[in-house]
Asks: 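Submitted below is the structure of interest, expressed as structure tokens.
Just so it is clear, the values below take in all heavy atoms, side chains as well, and ignore hydrogens, waters and symmetry mates.
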Protein chains: 2
Amino acid sequence: MESRIERIKKHLHSSSYKLTPQREATVRVLLEHEEDHLSAEDVYLLVKEKSPEIGLATVYRTLELLTELKIVDKINFGDGVSRYDLRQEGAAHFHHHLVCIECGAVDEIQEDLLEDVEAIVEKRWNFQIKDHRLTFHGICYRCQDKEE
Amino acid sequence: MESRIERIKKHLHSSSYKLTPQREATVRVLLEHEEDHLSAEDVYLLVKEKSPEIGLATVYRTLELLTELKIVDKINFGDGVSRYDLRQEGAAHFHHHLVCIECGAVDEIQEDLLEDVEAIVEKRWNFQIKDHRLTFHGICYRCQDKEE
DNA sequence: TTCCTTTTTTAAAATGATTTTCATTTTGAA
DNA sequence: TTCAAAATGAAAATCATTTTAAAAAAGGAA
């Protein structure tokens with residue numbers, strides 16, 4: 001059976017891009033840090049551990065390329081940096097996030113939950129939805145426990 | 001009856017901040033441009049028309065202050081700049097956005113639409129929601145017409 | 001293989017948004 | 001009026017990200 005890396009390689013090739021060693025190292029870091037919401041700088045530092053010669057600009061270019069190909073999602077929690085999440089394979093919809101305003105933790109919601117809302121928006125606003133971003137800011141279960 | 005500006009003034013005073021001429025000029029620009037999703041630079045240029053002595057740093061500081069006091073919402077559509085929206089008075093919930101990937105237009109959805117989703121999230125993830133951000137990316141009704 | 005063209009990379013410089021610094025001005029309370 | 005704190009403006013600094021330019025790598029054709 002085909003590995004995730006191999007499928008990404010094919011995906012790149014089908015758009016006539018190569019899976020260079022630098023790109024592969026970057027993808028591997030993303031694979032090892034799913035759900036971690038790494039910034040470009042985070043990714044850079046992690047890639048550097050195994051491939052010290054890589055440049056920050058290459059990481060940025062790779063993340064941009066992967067975003068274009070919809071292999072990763074670029075997200076923004078309003079803290080001044082973009083973060084990059086590997087897309088779940090076969091996921092029809094982008095996952096949602098829970099950002100804790102106490103401790104800063106970011107949890108993920110894989111369920112869609114928006115089918116009904118999207119149906120309403122498409123019909124009522126006559127808007128053809130291609131993608132969405134939903135983030136809740138609040139207090140996570142861990143911090144709720146702390147307070148009591 | 002009390003004007004919007006006066007209520008904002010009281011809001012500032014209740015946190016022991018002053019409504020200085022610069023702050024008032026900034027708020028007035030926001031009041032005159034609701035739904036326009038102005039960037040700090042946009043606000044600065046508009047404020048400058050009436051108050052040419054104002055500095056960009058002051059506009060940034062004012063927008064930050066208004067954000068802290070929840071008088072404005074700072075939003076980010078992933079285009080590299082933060083945008084600032086005056087909050088609807090008495091609006092329990094932040095409004096949502098429709099971003100057109102063809103023409104870049106940003107439309108607003110004032111309806112909540114998320115009550116059910118939030119109830120599920122609060123219960124199932126045991127997360128105490130304080131705020132949310134929901135943005136749909138897709139094709140607006142204007143661009144759909146163009147294509148046909 | 002060798003040559004050639006294209007893609008990719010690197011490091012450094014450039015850019016652009018935002019924040020900080022610091023000297024000056026304004027403010028409100030005593 | 002006097003004083004300390006708050007606010008401002010201009011410039012400098014910062015930080016994330018992008019661009020540049022030259023070198024390296026990759027792939028295909030002869």
Asks: How many whole angstroms separate atom CD of Gln22(B) from atom C1' of dA7(D)?
Replies: 8 Å
Asks: Taking the nucleotide of DNA chain C with the nearest heavy atom to each, does Glu41(B) or Pro21(B) sit closer to the 5' end?
Replies: Glu41(B)
Asks: Examine Arg87(A) relative to Phe94(A) and say whether NZ or CZ is less than 6.0 Å from the centre of the six-membered ring and inside a 45° cone about the ring axis.
Replies: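 No.
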Asks: Does Thr20(B) put a side-chain nitrogen or oxygen below 4.0 Å from OP1 or OP2 of dA6(D)?
Replies: no
Asks: What nucleotide among dT18(C), dT17(D), dA7(D) has an atom nearest to a side-chain atom of Tyr17(B)?
Replies: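 Given the options dT18(C), dT17(D), dA7(D), the side chain of Tyr17(B) is closest to dA7(D).
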Asks: Closest nucleotide of DNA chain D for Ala57(B) versus for Lys18(B): which of these residues is on the 5' side?
Replies: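 It is Lys18(B), whose closest nucleotide lies nearer the 5' terminus.
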Asks: Return the value, rounded to whole Å, for the distance between atom CG of Leu56(A) and atom P of dT9(C).
Replies: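 About 13 Å, once rounded to whole Å.
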Asks: Quick one: Ile54(A) CD1 to dA25(D) P, roughly how many Å, whole number?
Replies: 14 Å
Asks: When you check the side-chain N and O atoms of Gln22(A) and Glu24(A), is any donor under 3.5 Å from an acceptor?
Replies: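 No, no side-chain donor-acceptor pair sits under 3.5 Å.
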Asks: Compute whether any side-chain donor of one residue and acceptor of the other, for Asp42(A) and His33(A), lie under 3.5 angstrom apart.
Replies: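 Absent: no donor and acceptor within the cut-off.
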Asks: What is the distance, rounded to the nearest whole Å, between atom CG of Leu63(B) and atom C1' of dT19(C)?
Replies: 13 Å
Asks: For His13(A) and dA26(D), what is the distance between atoms NE2 and C1' respectively, to the nearest whole Å?
Replies: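 Interatomic distance, NE2 of His13(A) to C1' of dA26(D): 11 Å.
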Asks: Quick one: is dG9(D) close enough that its OP1 or OP2 comes under 4.0 Å of any side-chain N or O from Thr58(B)?
Replies: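 So the side chain of Thr58(B) is within the cut-off, an N or O lying under 4.0 Å from OP1 or OP2 of dG9(D).
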Asks: Where the side chain of Tyr60(A) is concerned, which of dT18(C), dT8(D), dA16(D) is the nearest nucleotide?
Replies: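 For Tyr60(A), the side-chain atoms sit closest to dA16(D).
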Asks: To the nearest Å, how far apart are Glu53(B) CD and dA10(D) C1'?
Replies: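 The answer, rounded to whole Å, is 14 Å.
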Asks: Atom CD of Glu64(A) and atom C1' of dT7(C): how far apart are they, to the nearest Å?
Replies: 15 Å
Asks: Would you tell me if any nitrogen or oxygen in the side chain of Ser39(B) comes within less than 4.0 Å of OP1 or OP2 on dA17(C)?
Replies: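 For dA17(C), neither OP1 nor OP2 has a side-chain N or O of Ser39(B) closer than 4.0 Å.
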Asks: Arg61(B) side chain: which of dA16(D), dT8(C), dT21(C) is closest?
Replies: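 Nearest to the side-chain atoms of Arg61(B), counting from C-beta on, is dT21(C).
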Asks: Does His97(A) have its ring centroid less than 6.0 Å away from the ring centroid of Phe77(A)?
Replies: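 They qualify: ring centres under 6.0 Å apart.
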Asks: Keeping Asn76(A) on the side-chain end and Gly78(A) on the backbone end, is there a donor-acceptor pair under 3.5 Å?
Replies: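 Side chain of Asn76(A) to backbone of Gly78(A): a pair is present.
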Asks: With heavy atoms under 4.0 Å as the rule, sort Ser82(B) into base, sugar-phosphate or nothing.
Replies: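 Sugar-phosphate contact only.
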Asks: Would you mind reading off the distance between Tyr44(B) atom OH and dG9(D) atom P, rounded to a whole angstrom?
Replies: 9 Å
